[in-house]
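Below is one structure, written out as structure tokens, with a few remarks after it.
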Amino acid sequence: MTPPVQPNFKSHFTDILRNALNDGGLADLNLDIEFARPRQSSHGDYSCNLAMQLAKPLRQKPRGIAQSLATALAASPYLEKVEIAGAGFINLFLTTSAKQQFSRYVLESGEKFGHSNMGAGEKIQVEFVSANPTGPLHVGHGRGAAFGASLANVLAAAGYSVTREYYINDAGRQMDILALSTWLRYLELNGVASAFPPNAYQGEYVRDMARLIHKAHAGRYVHEPELLFDSVAGSEADTEAALDGLIANAKKLLGQDYAYIHNFVLNEQLGDCRNDLMEFGVTFDIWFSEQSLFDSGGVAQAVHLLEEGNYLYQQDGAKWFRSSHFGDEKDRVVQRENGQFTYFASDIAYHLNKFSRGFDRVIDIWGADHHGYISRVKGAMQALALDPEKLEIALVQFAVLYRDGKKVPMSTRAGEFVTLRELRQEVGTDAARFFYVLRKSDQHLDFDLDLAKSQSTDNPVYYVQYAHARVCSVLEQWGEDPGMLVTADTSALTGPAELSLLQKLIDYPETVEAAAREFSPHLIAFYLKELAGEFHSYYNSTRFLVPEMAVRLARLALVAAVRQVLNNGLKLLGVSAPAKM
């Protein structure tokens, strides 16, 4: 059987209006033709304001223009009628048969329903999470992980070739702090008492890593610890400068053994991070090491290219990038007076590396506190003759947890934080993934733990999953092969609730494309809540297993199509679609 050709109504109507503009000699206007879904069904299935857009350049009243456009649209086989409303809105009403056939399109397409070729295979890299491997992932990282994974899924469904990447910050100061923290705890296990810096990493996971080293090597890495605090003033033990002094002393005392401590804590935390994310349903195609940029000379090369382009200058022994020329509030150091490159320098090299790999576009997902970083990174790209418009930044606001109506405190260094693993254990992966994308990424998110755990209609993920389970129950009661519903005659679907559900199915592919275009997977979550709501109302008011065969099969085909779309949408968000609840 040849699969039915699924019409894209908006695209079809756009083509009609575009041809009408061409016939009228108006092609040069290059107007965006948009169709909106009216809030009231009495205003049609789609509404278009093109007549108002044309009124000024044509110097005509919009209602007269709308009448001409409506005449052109009336030729569409999918329209029952076209009306002019208000100042010149064009309201379009789909035929009942155009809606009825959509359950077949859904069932025929299956898991591919909602997928499109909008992206035409454009190569996009999505880099997200990229947390310093200095401790367990916390709930803030969880929101970035859920958003990034969902966005990548949506982009892939919209026809883009997507590469998911994690940037491992394995070359910076924070890793040195973690290595020092672990070594100090290891010394304690060997009976060496020392003042533990309050600004080092305090979490129990640091003690756990120290125990592993001690269990495997006993006192092998005890190296003249009495010299550790040499030249580090006790009164300054709580300052960042004192911490740097301790790191320098530890490297000197440990010598080649420092590399073992550093690599051990890196591998432990990175391994934990990988496992945590995999259990959260988040996987990456590439794990890219920051250290590799130094080892390959990539950082030095990027700084050299900036210097050749006269974008650097020296001051106080350091090399500065003229980022203020590109909208940054001030210039930035790329190489310190001691010759060490800054994190910004490696970030420049990383973006140069990204585009050298042939990506058409790069999407960086950052925490909202990195907003000020955008202008300097894009400025560096421009200085390196890369198109800064090909780099897009999506910002993710922090997620704040509430339990029993009270805010849950968080502090990474102090170890007082809720880990992503703890969150998943408390509310489940499905609730965590869904709740994280319930808001636009750059909006503040209050995560209600009690609501996420509740089995009530107030819990949005439960509400959506319950709709899927209800359909499964109906089809199980029916007891026959759902595959036969693909060819069911759906002409019996004439009730308002049925036609409304069909229109909702029609909206799904457009929703996926909008979510991809706007980097907004929350649109999928909103859509699923609305679809579930319409289904629950239909379920509560309708009998499905009625004696009339034609009506029974038509209704079962409709709810089976609803199940398929719920499943497809939940899959994009990394949420399961249970058959029973």
Side-chain angles (χ1 to χ4, degrees), residues 125-132 134 140-141 143-144 147-148 167 169 171-174 177 199 239-241 243-244 290 293-294 298-355 361-400 410-413 440-445 519:
Q125 183 219 48
V126 182
E127 182 228 322
F128 59 109
V129 185
S130 298
N132 287 334
T134 54
H141 299 133
R143 187 177 188 190
F147 171 73
Y167 182 49
N169 300 125
R173 177 174 181 265
Q174 294 304 317
I177 297 174
N199 50 347
T239 67
E240 295 299 313
L243 196 61
D244 288 337
E290 178 189 5
L293 293 170
F294 289 93
V299 178
Q301 175 66 10
V303 171
H304 175 69
L305 291 173
L306 290 175
E307 201 160 26
E308 277 193 332
N310 198 31
Y311 292 105
L312 300 185
Y313 65 89
Q314 284 199 326
Q315 181 177 308
D316 300 327
K319 291 182 179 179
W320 298 69
F321 172 58
R322 303 179 192 274
S323 53
S324 59
H325 290 196
F326 301 96
D328 197 4
E329 59 184 2
K330 62 181 181 180
D331 294 342
R332 306 290 172 174
V333 176
V334 292
Q335 190 172 16
R336 298 188 181 93
E337 59 275 13
N338 61 4
Q340 291 186 344
F341 294 109
T342 62
Y343 177 81
F344 179 44
S346 59
D347 220 20
I348 295 171
Y350 180 42
H351 284 84
L352 181 60
N353 176 280
K354 288 185 180 191
F355 284 99
R361 273 196 294 164
V362 165
I363 300 171
D364 287 355
I365 298 175
W366 296 346
D369 56 336
H370 284 67
H371 181 272
Y373 209 69
I374 297 175
S375 59
R376 73 190 74 159
V377 172
K378 287 201 169 194
M381 286 184 59
Q382 190 172 339
L384 292 169
L386 298 170
D387 183 359
E389 295 304 312
K390 291 185 176 181
L391 171 64
E392 300 182 68
I393 311 297
L395 297 176
V396 179
Q397 282 283 359
F398 203 71
V400 179
M410 279 190 57
S411 172
T412 308
R413 283 248 195 121
K440 191 171 173 60
S441 67
D442 59 1
Q443 292 180 348
H444 179 83
L445 175 67
F519 298 171

**OP:** Dump the intermediate steps for side-chain hydrogen bond (donor to acceptor under 3.5 Å, both in side chains) on E290 and S346, then the final yes or no.
**Re:** CA-CA 7 Å; E290 178 189 5; S346 59; 2.9 Å; yes
Original post:
Taking only residues two or more places apart in sequence or in another chain, which ones pass side-chain hydrogen bond (donor to acceptor under 3.5 Å, both in side chains) with S375?
Top reply: none
Subject >> Close side-chain approach of F341 and L293, heavy atoms under 4.5 Å >> reply: no
Original post:
So do H351 and D364 actually touch side chain to side chain, heavy atoms under 4.5 Å?
Top reply: yes
Original post:
Do L391 and L386 touch side chain to side chain, with heavy atoms closer than 4.5 Å?
Top reply: no
Under 3.5 Å donor-acceptor pairs involving side-chain atoms of residues 314-322, not counting sequence neighbours:
residue, atom, partner, partner atom, Å
K319, NZ, E307, OE1, 3.3
K319, NZ, E307, OE2, 3.4
W320, NE1, Q315, O, 3.2
R322, NE, N310, O, 3.3

Subject >> Those residues that, when tested against T342, pass side-chain hydrogen bond (donor to acceptor under 3.5 Å, both in side chains) (two or more places apart) >> reply: none
**OP:** Please name all residues satisfying salt bridge (Lys or Arg N to Asp or Glu O under 4.0 Å) with E392, sequence neighbours left out, ordered by chain then number.
**Re:** R361
Subject >> Backbone N/O of K330 and side chain of S323: donor-acceptor pair under 3.5 Å >> reply: yes
Original post:
Checking D331 side chain against S324 main chain: does a donor-acceptor pair fall under 3.5 Å?
Top reply: yes
Subject >> Minimum heavy-atom distance between V303 and A345, given as atom pair plus value >> reply: CG2-CB, 4.2 Å
Original post:
Looking only at heavy atoms, which two atoms of L395 and G367 are closest? And how far apart?
Top reply: CD2-O, 3.7 Å
**OP:** State which residues pass side chain to side chain contact (heavy atoms under 4.5 Å, CB included) with D387; sequence neighbours excluded, sorted by chain then number.
**Re:** E389, K390
**OP:** Any chance you could lay out the side-chain contact (heavy atoms from CB on, under 4.5 Å) test for L243 and I177, step after step, and finish with the verdict?
**Re:** CA-CA 8 Å; L243 196 61; I177 297 174; 3.7 Å; yes
**OP:** Locate the shortest heavy-atom distance separating P388 from M381; write the atom from each residue and the value.
**Re:** CA-CE, 4.0 Å
Subject >> Partners meeting side-chain hydrogen bond (donor to acceptor under 3.5 Å, both in side chains) with Q125 (sequence neighbours left out) >> reply: E165, K354
Subject >> CG-NZ distance between L445 and K440, expressed to the nearest 0.5 angstrom >> reply: 14.0 Å
Original post:
Distance from R376 atom CZ to I374 atom CD1, nearest 0.5 Å?
Top reply: 10.0 Å
Original post:
What pair of heavy atoms forms the shortest contact from F398 to R143, and how long is it?
Top reply: O-NH1, 3.8 Å
Original post:
Should V377 and I393 be marked as a side-chain contact (heavy atoms from CB on, under 4.5 Å) after you check the CA-CA gap, both sets of side-chain angles, and the distance that decides it?
Top reply: CA-CA 10 Å; V377 172; I393 311 297; 5.9 Å; no
Original post:
Closest heavy-atom contact between Y311 and A383?
Top reply: CE1-O, 3.4 Å
**OP:** Assess whether side-chain contact (heavy atoms from CB on, under 4.5 Å) is satisfied between E240 and R173, documenting all intermediate values.
**Re:** CA-CA 11 Å; E240 295 299 313; R173 177 174 181 265; 2.7 Å; yes
**OP:** Grab the two heavy atoms, one from V299 and one from A349, that are nearest each other, plus how far apart they are.
**Re:** CA-CB, 3.7 Å
Subject >> Steps toward side-chain contact (heavy atoms from CB on, under 4.5 Å) verdict (N169, Y343) >> reply: CA-CA 9 Å; N169 300 125; Y343 177 81; 3.4 Å; yes
